[in-house]
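Each chain gets a letter, A, B and so on, in the order its sequence line appears, and its residues count up from 1.
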Amino acid sequence: MSTDTSNPSGEVPDAAGHFGRFGGRFVPEALVAALDELDAAYRKAMTDEDFLGEFDALLRDYAGGPSLLYPARRFSAEAGARILLKREDLNHTGAHKVRNVLGQALLTKRMGKKRVIAETGAGQHGVATATAAALFDFECVVYMGEVDTRRQALNVARMRMLGATVIPVTTGSRTLKDAMNEAMRDWVANVDDTHYLIGTAAGPHPFPEMVRDFVRGIGVEARQQCLDLTGALPDAVAACVGGGSNALGIFHAFVPDAGVRLYGFEAGGEGVESGRHAASITGGSSGVLHGTRTYVLQNSDGQTIESHSISAGLDYPGVGPEHAWLHDSGRATYLPVTDAEAMAAFELLCRTEGIIPAIESSHALAGVLKVAPRLAAELGREPVIVVNLSGRGDKDVHTAGEYFGILDKE
Amino acid sequence: MSRIGVAFDKARADGRALLVGCMPAGFPTVEGSIAAMTAMVESGVDVIEVEIPYSDPVMDGPVIQRASDIALAGGVRTADTLRIVEAVAATGAPVVIMTYWNPIEQYGVDAFARDLAAAGGTGLITPDLIPEEAGEWLAASDAYGLDRTFLVSPSSTDARVRMTAAHCRGFVYATAIMGVTGARAQTSQAAPVLVSRVREVTDLPVGVGLGVGTGVQAAAVAGYADGVIVGSALIRCLLDASDSAAGLTSLRTLSAELAEGVRNPAR
């Protein structure tokens with residue numbers, strides 16, 4: 001749709017952050033200087049041995065990486081595929097998010113800023129940001145939709161314990177998108193001393209590219225681990241997609257491997273046909289939201305439509321622009337998974353492997369249960385599928401307990 | 001020269017600034033917003049800025065957010081905005097649209113430019129569209145002879161001020177403060193500096209917005225800028241009123257106070 005997407009080199013994104021017709025910068029001019037500063041700091045850091053060494057050390061010594069690649073034998077038997085779980089749920093703070101946060105916190109320090117702000121949906125990114133802020137001695141303010149503060153009360157308490165200020169957002173749908181609006185407003189007003197630590201591979205350039213680069217270690221590790229374990233690359237790699245950072249994190253190293261299928265599973269909520277879902281690629285259209293052009297849930301006037309998902313972390317009406325591009329180019333396949341399918345997979349992993357997954361990650365598990373038979377038929381053998389188990393389910397115990405009706409009544 | 005350009009020239013000749021008053025389309029209703037904008041013109045507002053309500057207005061503070069939510073809840077559509085522009089342009093005042101980019105992209109950039117020109121609108125102010133992403137709009141505004149106002153900010157580098165002004169037509173919008181829309185108790189220290197930086201690179205008129213809410217503040221801004229842009233303070237007249245008649249009375253009073261201010265620049 002944009003005319004400014006010429007990209008002769010074919011590299012994505014181009015220098016202005018365009019992934020084909022997606023991405024770019026749709027922001028108030030007031031933020032451009034800060035985005036340019038961030039872009040310069042990030043590009044310098046990515047070729048700076050000191051920075052990369054410090055980042056690696058933090059991931060190893062503090063976050064507990066590299067995360068394991070675990071052959072889930074009993075779950076595999078149910079799936080009809082050899083399932084290898086990338087155990088990002090075992091990271092410090094319980095999800096893949098810590099990788100991005102540590103990378104951006106290091107950059108924040110290099111830029112000489114002392115205050116970080118963040119938006120959060122499920123609270124995982126807020127907790128990760130509050131954690132890094134404590135470690136780096138930054139002031140930290142987290143914006144969280146009021147609806148989400150109730151769905152994820154434990155994470156609100158975690159952030160406060162870590163010294164962060166949590167501001168419930170009461171505008172709009174009172175969920176992740178509105179938290180992002182409030183964080184943007186804060187940033188416009190305080191950009192001199194504040195870094196906006198965006199939690200997913202979305203937002204204005206350079207965030208989608210930068211966040212991807214901070215989380216792409218997931219796929220780099222998984223690729224080598226799979227080779228070591230099986231002697232070959234997997235047949236498919238799967239992840240859930242909300243904003244899409246965990247999916248890009250595990251996809252990116254596999255993008256050049258043409259034989260490896262990439263599956264992103266979006267939150268289908270009550271079913272895409274019901275209109276109550278968060279599947280921006282499956283059920284949305286191209287538009288501009290939160291600083292980038294991507295697939296958006298919107299009406300014909302371009303007003304954002306509220307998303308719905310049992311998973312707060314996927315409850316977002318947009319998606320990172322690189323996913324929009326991977327979809328258009330056909331390199332990755334995006335399919336919706338309903339709340340019910342995700343919760344069935346949640347229960348199955350609990351019972352077969354003794355692992356309580358995040359409801360977000362359960363969408364990836366459910367998606368794999370759906371595509372594995374097709375893939376097996378196509379290949380004529382048991383497929384090998386790497387699934388990004390992007391987070392653990394501790395934060396979801398209340399939601400899941402209510403869903404399954406297993407909480408004792410007072 | 002555009003209609004806004006003519007109005008700025010005339011104001012310059014009269015030794016005063018133009019008063020630009022902003023109101024969301026469809027707030028509180030489509031007819032109510034036409035009545036409010038007409039009252040503003042009758043009370044001395046020179047240029048009407050019609051904001052297209054948007055679900056995710058990241059440059060706007062609580063007042064415009066609330067008014068936009070009311071307008072959207074009332075079911076206002078982008079097409080209604082064009083009807084409002086047509087009705088208000090009939091008063092003779094230049095009417096410019098302020099809009100986040102996605103509503104225009106979904107309407108179709110070329111189609112919107114065509115329909116805005118047909119409705120008598122002068123152009124667009126685009127708070128979340130920078131010239132680098134504006135290829136389609138540059139072409140469409142050229143094709144239909146519309147003005148395009150991009151924003152400059154105190155944080156803009158000299159190179160960006162120059163580049164942005166070079167892509168503007170009609171006037172340049174200087175955001176007085178680092179922040180979102182909404183009246184403030186004190187006028188900005190940064191704004192005069194920013195305006196003089198813009199003047200170094202362009203002869204276009206410069207409008208200053210963000211934070212102006214009283215006649216005294218309007219006079220202060222009129223001392224160094226060509227246009228004084230007021231939104232939240234005017235909108236608050238309607239939001240805070242007990243009924244629509246009281247709202248319009250209060251809106252007329254403030255409009256007249258601001259109009260007096262821009263006619264008596266503090267120098």
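The candidate with the highest count of non-hydrogen atom pairs below 4.5 Å against chain A, out of B:Ser55, B:Ala139, B:Gly179, is B:Ser55. Comparing B:Leu138, B:Ile52, B:Thr157, B:Asp60 by how many heavy-atom pairs each has under 4.5 Å with chain A, the most go to B:Asp60.
Both the backbone and the side chain of A:Thr304 come within contact range of chain B, each with at least one heavy atom under 4.5 Å from a heavy atom of that chain. Contacts between B:Pro53 and chain A at a heavy-atom distance below 4.5 Å involve the backbone alone (N, CA, C, O).
Across all their heavy atoms, B:Ser155 and A:Ala30 have their closest contact at OG-O, 2.8 Å. Shortest non-hydrogen contact noted between A:Arg185 and B:Val58 is CG-O, 3.1 Å. Residue A:Val288 comes nearest to B:Trp101 through the heavy atom pair CG2-CD1, 4.2 Å, listed as atom of the first residue, atom of the second, then distance. Smallest separation of non-hydrogen atoms from A:Val188 and B:Met59: CG1-SD, 4.4 Å.
Listed by sequence position, B:Val76, B:Arg77, B:Thr78 are the residues of residues 74-86 of chain B in contact with chain A, using a 4.5 angstrom heavy-atom cutoff.
The OH atom of B:Tyr54 sits 5.0 Å away from the CG atom of A:Leu289 when rounded to the nearest 0.5 Å.
Shown here is A:Arg115, whose CZ atom has more than 12 heavy atoms of other residues, nucleotides or ligands within 6.0 Å.
With sequence neighbours excluded, no residue forms a ring-ring contact (aromatic ring centres under 6.0 Å, His included) with A:Tyr143.
Panel note: side chain B:Glu105, backbone A:Gly287; no donor-acceptor pair is recorded below 3.5 Å. Not one N or O on the side chain of A:Gln303 forms a donor-acceptor pair closer than 3.5 Å with the backbone of B:Asp56.
If you check the side chains of B:Ser156 and A:Glu29, you find a donor sitting under 3.5 Å from an acceptor.
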